[in-house]
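Here's the structure, in structure tokens; my notes come after.
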Protein chains: 2
Amino acid sequence: MLDNITNPTTAPTRPSRKTEDLRTVAETARRPEHRYGNRPTMKDVAARAGVGLKTVSRVVNGEAGVTPDTERRVQEAIESLGFRRNDSARVLRKGRTASVGLVLEDLADPFYGPLSRAVEEVARAHGALLINGSSAEDPEREQELALALCARRVDGLIVIPAGHDHRYLEPEMKAGVATVFVDRPAGRIDADAVLSDSFGGSRAGVAHLIAHGHRRIGFIGDQPRIHTATERLRGYRAAMEEARLDVEDSWVSLGPTDPERVREAVTAMVSGPEPVTALFAGNNRVTVTAVRALAGREHPVALVGFDDIELADLLGITVIAQDAAALGRTAAERLFRRLDGIEEPPAQVVLKTTLIPRGSGEIPPPPSA
Amino acid sequence: MLDNITNPTTAPTRPSRKTEDLRTVAETARRPEHRYGNRPTMKDVAARAGVGLKTVSRVVNGEAGVTPDTERRVQEAIESLGFRRNDSARVLRKGRTASVGLVLEDLADPFYGPLSRAVEEVARAHGALLINGSSAEDPEREQELALALCARRVDGLIVIPAGHDHRYLEPEMKAGVATVFVDRPAGRIDADAVLSDSFGGSRAGVAHLIAHGHRRIGFIGDQPRIHTATERLRGYRAAMEEARLDVEDSWVSLGPTDPERVREAVTAMVSGPEPVTALFAGNNRVTVTAVRALAGREHPVALVGFDDIELADLLGITVIAQDAAALGRTAAERLFRRLDGIEEPPAQVVLKTTLIPRGSGEIPPPPSA
DNA sequence: TCCCCCTCTGACAACGTTGTCCAGGGCCTA
DNA sequence: TAGGCCCTGGACAACGTTGTCAGAGGGGGA
């Protein structure tokens, strides 16, 4: 898949007796035009400056032991040739790439933007670049991406898991790729993870609704194979149980979070003879669709959503906020501590969530209910 | 800056007469523990499988010319050693990295998430990975990032410029780094660019307000050194001029888009003896703050914002929408066409914007005005 | 004057992979 | 059975950089 590095349809090796001919072909093939566009190398710089290769290397890397005069000559040669060090070669030689990989679900999701940015900032502070890819919630794609990053020899990997089995990363981790999971724990391996308190947050949100008088509360969440989805459902059930409220099957809906599915689920729960009076939305996408679906209903339905959303303050949406940037930052810091050689057993860090009441969660149930 | 690839404080080269000693030191240093964690190489695989190096390479790359039996032996060796090809070395040898760089302003900005994702998808379709970095609107950081990416020998570069002088990229582009600018044009060099129609969109938005009866319209935009900011202001002025409306100095405010500054600007414009009756917001961040600042005012102020925003439909905010994903996709496609060797003169592609009326832009001015 | 040491410099190998080319063996044909 | 061809496999160099080490040159002390 991620494999089609140019395969420049090599000239058919038709045999020939004349070595000169072959030599010519070889020479031509050896320097295809787009090979780095024939960029100057340190060797070229050295030749131009009339110094040795290693001296150029020293200048480029600011190592000590070069006379000012020599350094100047080298610098001039660098300037005039437009030389730029080839970090690919450097990486090969040094064994560290100064880059980390981030596998997330969807870079376009407003939840992951700040997370990714936070990781990037920490990486930058450590002089590393960030390569990121979206798994689109597809375990196979997650694996493909993560392994491609390992093949690039990223120093570390931050993964927001789509799948539930990460044993495929074991050889990589053993080989020294620092790995931290975020937002969801790793499956079937022992690894660092940084999570939000989905269970606790959800329980608090549902308890909030119960405290405002609701007894019939619906839960709409993501697909059950996603860890946070089931954790949040667990929080919902826990809160209901603690209030000694039964949960009817029709009050719970897990599944894809596309608008159509969510809209249907919302409509089903708030209609009928015995509708729910409040909804708990399992993530930002669900919340958004729920708000749209509920807008303009005559009997307002209370709503609490997991994840904060831009403009939620203006719309008065009560949410359980998690700090995406903090997730990313914490994970990245842990990653770099590992890269700095600190040995600790793998651990899970759980970040607290915050209930932000803004109105939608404080709507009381209709008197009839 | 991006330079601190491990510098493993080399053992002080204290001179010694005993060559054996030095040899030992050298051997130890040659294989520092964390050098790829001593990963197996093709050589190791070859030894284990009892075949030649090149044969392993052939198997790994799925090249023809290996007997099924040999292939099986090699595969087994790969499995049992946990071998994974080192793409760093591959890249060095092949000259193409199958990766592209994306320099944007802020990955956490909801406008850039979809853009970045779109670039990623196109890259993925071409078997390339995406390295991205945020310039934080700092020209120096943009340059640092772009050049670091070039040093990594990315095949191509997509840049959302923060600065106005991109001559620093000329040697890179000459050396074959395909480069496409997005959202804003390149400065002082001739290069591909994919833009939204800031001028036209802004003009249409302001004309929309004028058509609804407004005569006193304010413009709040980003810093004047940002191309889109001045283009949108130009669109504002054009619309006003076409309607033969004078623009008072106090109606125009350009500057940083942090909430404090924007809030002050909004307040200043809508207060006083002769307030504006409508506002045009120069980008998503301004729009958001403007909506907050205007919320709860007794006399509603009309508002049109540049960039669509999540939930804007529910809040009834009229916007000039641009398609961030299309920007990214178009730019990436152009990039890969260049990488495929298509030679065309650099061109600017301008994508249309869409006016989406949702209410806030259709509020008439108060009768008194 | 000679020797030692220190500073600066460059030759060389190595990083792990792939492209080129050659060799050996099996098979087919004459 | 010999000759030629194809198929498979391997030796080797090269990609561009950095670490090691040795040599050249100069200065200072004995």
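We use all heavy atoms of the structure for the numbers below, so side chains are in, but hydrogens, waters and symmetry mates are not. Because the structure is a prediction, the values reported are computed rather than measured.
A straight line from CG of A/Leu53 to C1' of D/dG19 spans 12 Å, rounded to a whole angstrom. As rounded to whole Å, 13 Å separates atom C1' of C/dT9 from atom CG of A/Asp69. D/dC7 atom P lies 16 Å from atom CD of B/Glu63, rounded to whole Å. If you take NZ of A/Lys43 and P of C/dT9, they are 21 Å apart, rounded to a whole angstrom. Rounded to an integer number of Å, the gap from CE of A/Met42 to P of D/dT17 is 5 Å. In this entry the distance linking CD of B/Glu71 with C1' of D/dG10 reads 17 Å, nearest Å. Per the geometry, CZ belonging to A/Arg90 stands 12 Å off C1' belonging to D/dG16, to the nearest Å. Put simply, CZ on A/Arg73 is 14 Å from P on C/dC8, counting in whole angstrom units.
Of the candidate nucleotides C/dG10, C/dG16, D/dT17, C/dG16 has the atom nearest to the side chain of B/Leu92. Closest to the side chain of A/Asn61, from the set C/dT17, D/dT17, D/dT18, is D/dT18. With C/dG19, C/dG16, D/dT17 as the candidates, the nucleotide lying closest to the side chain of B/Lys94 is C/dG19.
Side chains of B/Arg48 and B/Ser80: a donor-acceptor N/O pair is present below 3.5 angstrom, by distance only. For the residue pair A/His166 and A/Gln143, no side-chain donor N or O sits within less than 3.5 Å of a side-chain acceptor on the partner. Counted by atom type alone, A/Arg85 and A/Asn61 present one or more donor-acceptor pairs between their side chains at under 3.5 Å.
At D/dC15, none of the side-chain N or O atoms of B/Arg153 fall inside 4.0 Å of OP1 or OP2 (strictly under the cut-off). Listed pair A/Thr70 / C/dT9 meets the phosphate criterion, a side-chain N or O lying under 4.0 Å from OP1 or OP2. For D/dG10, the OP1/OP2 oxygens have a side-chain nitrogen or oxygen of B/Thr55 closer than 4.0 Å. A sub-4.0 Å separation between OP1 or OP2 of D/dG16 and a side-chain N or O of A/Ser88 is absent.
Scanning atom types as modelled, one donor and one acceptor separated by under 3.5 angstrom connect the side chain of B/Lys54 and the base of C/dG19. For A/Arg58 and C/dG10, a side-chain-to-base donor-acceptor distance below 3.5 Å is present, hydrogens and geometry of angles not being considered. Taking 3.5 Å as the limit, the base of D/dT18 and the side chain of A/Arg93 contain a donor-acceptor pair of atoms between them.
Comparing B/Ala64 and A/Pro40, the nucleotide of DNA chain D nearest to each residue sits closer to the 5' end for B/Ala64.
Of all the heavy atoms in A/Leu92 and B/Ala89, the pair that sits closest is CD1-CB, 3.7 Å.
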I'd like a table of donor-acceptor pairs (distance under 3.5 Å, sequence neighbours excluded) in which one partner is a side-chain atom from residues 128-136 of chain A, with atom names and distances.
from, atom 1, to, atom 2, distance (Å)
A/Asn132, OD1, B/Asn132, ND2, 3.2
A/Asn132, ND2, A/Ser116, OG, 3.2
A/Asn132, ND2, B/Asn132, OD1, 3.2
A/Ser134, OG, A/Leu107, N, 3.3
A/Ser134, OG, B/Glu120, OE1, 2.7
A/Ser135, OG, A/Leu104, O, 3.3
A/Ser135, OG, A/Glu137, N, 3.2

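Taking CZ of B/Arg93 as the reference point, atom OG of A/Ser88 lies at 14.0 Å (rounded to 0.5 Å).
Ion pairing between a basic and an acidic side chain is recognised when a charged N comes within 4.0 Å of a carboxylate O; A/Arg153 and B/Asp87 show no such pairing.
Near DNA chain D, meaning a heavy atom under 4.0 Å away, the residues from residues 75-84 of chain A are A/Phe83.
In this structure, B/Ser57 reaches the bases: a heavy-atom distance under 4.0 Å links it to at least one base atom across the strands shown.
Within a 6.0 Å sphere centred on CD of B/Glu140, heavy atoms belonging to other residues, nucleotides or ligands number 12 at most.
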